[in-house]
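Everything numeric here is computed off the predicted structure, so don't read it as measured data. One-based numbering, in listed order, for ligands and for the atoms of each.
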Amino acid sequence: MVEKNPESHFPSTHLDAVRARVLQACRDANRKPEDVRLVCVSKTHGPEAISPLLAVGQRVFGENRVQEAEEKWPRLKAETPEVELHLIGPLQTNKVRPAVALFDVIETVDRPKLARALSREMNATGRRLPCYIQVNIGEEPQKAGVAPADVDAFVGLCRDELGLDIVGLMCIPPAGEEPSLHFALLREMARRNGLGGLSMGMSGDFEVAIAFGATAIRIGSAIFGARG
Ligand SMILES: *Cc1c(COP(=O)(O)O)cnc(C)c1O
């Protein structure tokens, strides 16, 4: 098959399109574009797909597995030290050490045992990373995250008792449900806890998330295409 415009399949072209949609969503919501971080979710994609994005200036990336990130990011980070790498997947306590060493932001603090392990490791290494608390906003049994009813106490534990640098809340709304009520709920939980960061919105719903105050959106498939 002859491609008329093969360039249109490049992730950097898709990134441009996503950036344009982010700008429009910010205009519609009367928000400043610099208040919304675009976290490019590169899980399952190799350096050959990531390098073109680094080349056009994308600096914030998200990965959901520590081991996968360890296989590709040390080299990419050596080439582009300003990269800011977010862990957006579940973190086992036995992976806390490599995670704190490699990542720049942890978005998935979701239980006391993990919070304590992160606190110990960050104190020991002096790498005090900004963290988000993941909230199981739809109270789905199979999903990670703190139950909505436990959020205030857990923020208190992480921030006041353990001294973690909690910058905000993160959520993944239930698939197939209208996301806006979940986004509004997360925003209210962050507000009452004095937290400015809201990591919410993915390829299918980031415009809605921006309208509801997202400060970080996590975009994978809209940039790289569907995952195989
Ligand atoms: C994969 C993933 C994303 C990106 O999802 P897309 O729908 O591909 O944009 C965002 N957040 C988390 C936690 C993910 O695991």
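Checking G204, A222, S221 against atom 8 (O) of ligand 1, the nearest heavy atom belongs to S221.
Pairs passing the side-chain hydrogen bond (donor to acceptor under 3.5 Å, both in side chains) check and including a residue from residues 187-202, sequence neighbours excluded, read E107-S199, D152-R192, D152-N193, E188-R191, S199-R218.
Contacts with ligand 1 closer than 4.0 Å are made by side-chain heavy atoms of K43 only, the backbone lying farther away.
Between S203 and ligand 1, an N or O atom pair is found at a separation short of 3.5 Å. Considering backbone and side-chain N/O of G220, one or more are found under 3.5 Å from N/O of ligand 1.
Between H45 and F224, the ring planes are parallel. Angles under 30° get that label, and only those over 60° would be called perpendicular.
In this structure, K43 does not pair ionically with E68, as no charged nitrogen and carboxylate oxygen lie closer than 4.0 Å.
One side chain, Q24 or R27, offers a donor N or O that lies under 3.5 Å from an acceptor on the other.
The distance from ligand 1 to the heavy atoms of R218 drops below 4.0 Å at these ligand atoms: 4 (C), 9 (O), 10 (C), 11 (N), 12 (C), 13 (C). Proximity to I172 (heavy-atom distance under 4.0 Å) selects the following atoms of ligand 1: 13 (C). For ligand 1, the atoms lying closer than 4.0 Å to a non-hydrogen atom of I219 are 9 (O).
Within the 4.5 Å cutoff, side-chain heavy atoms of K77 are placed close to those of L102.
Every residue two or more places apart in sequence or in another chain that forms a side chain to side chain donor-acceptor pair (under 3.5 Å) with E82 is listed here: R59.
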